[in-house]
Amino acid sequence: MEEIPVISSQPWTSAPLVALDLEGSGSHERDHQAIVEVAFIPLTQGRPNVQHAYETIVNPGRPIARRPWSSPGLTNDVLACGAPLEAVRPHLAAHLDGKWIVGHNVGTDGRLLALRCPELRPAGLIDTLRLARAVHARTRQLTLTALLAHYGLADEVTALVPGRQPHRALWDAVGAALLLGALIRDLPDAGRLTVTGLWHLAGMPYGDVGEQLPLPL
């Protein structure tokens, strides 16, 4: 895979960013956790490009016990109609390899993605939770829902993806994409933020299993 160059003078809005969210069977399953829904949306000039969004339910090939944190609507009957992960992998590789994956608490999604799809080679992760901790250092409520409410963005998310709801993959991916821009606008000298600057504020290496990519300088 050709590496994406990290140039200190490159504006963050020109970076190849893709907001992603996964819904899984639960972290309590550890290495047996399954992906049950995936959505991603590329960012164009720092904004989610809805025309190129992708979402799919993933059939885990087994029943998933319902838990209090289970995503709304993802029953076993619904999951049984989803695509197998093997059919989803080519779409992920085509749109995520070489890209910076944006998400809220994205390390969790990155670890699951690396576990289930070890062949993927994103450039790295950009965590809006890590960025929120830098911008709102004294705030405790830093969930995606709380931050979108703080910035008045929840209605915009729903307008961009009508019929979707919080805690489902596409809604949360679009929410993270919008939140990224809102958080950056609260930074000093936001207009001069570079890709490298964004990495130092919110970047993480991809996954924690398999080969890891080198950190940008």
Nearest heavy-atom neighbours spanning Glu29 and Arg62
OE1-NH2, 2.8 Å

Among residues at least two apart in sequence or on other chains, which ones pass salt bridge (charged side-chain N to carboxylate O under 4.0 Å, His left out) with Arg164?
Glu55

Mark yes or no for whether Thr194, through its side chain, and Pro11, through its backbone, hold a donor-acceptor pair below 3.5 Å.
no

Pairwise distance OG(Ser71) to NE2(His167) - rounded to 0.5 angstrom:
8.5 Å

Linking I/L/V/M/F/W/Y whenever their side-chain heavy atoms sit closer than 4.5 Å, directly or via other members, would Leu22 and Val36 fall into one cluster?
no

Show the nearest heavy-atom pair for residues Thr56 and Ala83, with the distance to one decimal.
OG1-CB, 4.2 Å

Hydrophobic cluster membership, with links at side-chain heavy-atom distances under 4.5 Å among I/L/V/M/F/W/Y: are Leu113 and Leu74 in one?
no

Are the aromatic rings of His52 and His95 close, with centres under 6.0 Å apart?
no

With a 4.5 Å heavy-atom cut-off, do Leu178 and Leu160 have their side chains touching?
yes

Please determine whether side chain to side chain contact (heavy atoms under 4.5 Å, CB included) holds for the pair Leu198 and Ile184, giving the CA-CA distance in whole Å, both sets of side-chain angles, and the decisive distance to 0.1 Å.
CA-CA 9 Å; Leu198 180 58; Ile184 288 173; 4.1 Å; yes

Measure the OH-CG distance between Tyr206 and Leu96 for me, rounded to the nearest 0.5 Å.
8.0 Å

Nearest-0.5 Å distance, CG of residue Leu193 to CZ of residue Arg185
12.5 Å

Got Asp21 and Trp171 here, is their nearest side-chain heavy-atom distance under 4.5 Å?
no

When every non-hydrogen atom of Ser27 is compared with those of Gln33, the smallest separation belongs to CA-NE2, 3.6 Å

Please find the pair of heavy atoms, one from Ala34 and one from Pro60, that lie closest to each other, and give the distance.
CB-CB, 3.8 Å

Grouping I, L, V, M, F, W and Y whenever their side-chain heavy atoms are under 4.5 Å apart, do Val157 and Leu129 come out in a common cluster?
yes

Could you state the interatomic distance from CG (Asp109) to NE2 (His104), rounded to the nearest 0.5 Å?
11.0 Å

Step by step, work out the side chain to side chain contact (heavy atoms under 4.5 Å, CB included) result for Trp12 and Ile126.
CA-CA 11 Å; Trp12 76 271; Ile126 299 296; over 6 Å; no

Could you go through Asp97 and Arg121, starting from their C-alpha distance and side-chain angles, then the distance that decides it, and tell me whether this counts as side chain to side chain contact (heavy atoms under 4.5 Å, CB included)?
CA-CA 5 Å; Asp97 280 354; Arg121 290 295 182 268; 4.0 Å; yes

Do Leu147 and His136 come within less than 4.5 Å of each other through their side chains, counting heavy atoms only?
yes

Between the CG atom in Asp127 and the CG atom in Asn105, the distance rounded to the nearest 0.5 Å is 6.0 Å

Search all heavy atoms of Gly82 against all heavy atoms of Asn59 and return the closest pair with its distance.
O-CB, 3.5 Å

Using the rule that two of Ile, Leu, Val, Met, Phe, Trp, Tyr join whenever any of their side-chain heavy atoms come within less than 4.5 Å, decide whether Leu79 and Val88 are in one cluster.
no

Is there a continuous path of hydrophobic side-chain contacts, each under 4.5 Å between heavy atoms, that joins Val78 to Val161?
no

Between Glu156 and Arg47, is there a side-chain N and carboxylate O pair less than 4.0 Å apart?
yes

Shortest non-hydrogen contact from Ala15 to Trp100?
CB-CD1, 4.3 Å

In terms of heavy-atom contacts, does CD of Gln51 have more than 12 from other residues, nucleotides or ligands at under 6.0 Å?
no

Val106 vs Val102, side chain to side chain contact (heavy atoms under 4.5 Å, CB included): CA-CA, chis, key distance, verdict
CA-CA 7 Å; Val106 72; Val102 176; over 6 Å; no

Would you mind reporting whether Ile57 and Arg168 have side-chain heavy atoms less than 4.5 Å apart?
yes

Students often mix this up, so state it plainly: with edges at 30° and 60°, are the rings of Tyr54 and Phe40 parallel, tilted or perpendicular?
parallel

I'd like to know if the side chain of Glu23 and the backbone of Glu37 have a donor-acceptor N/O pair within less than 3.5 Å.
no

Can you tell me how far the CG atom of Leu201 sits from the OG1 atom of Thr196, to the nearest 0.5 Å?
11.0 Å

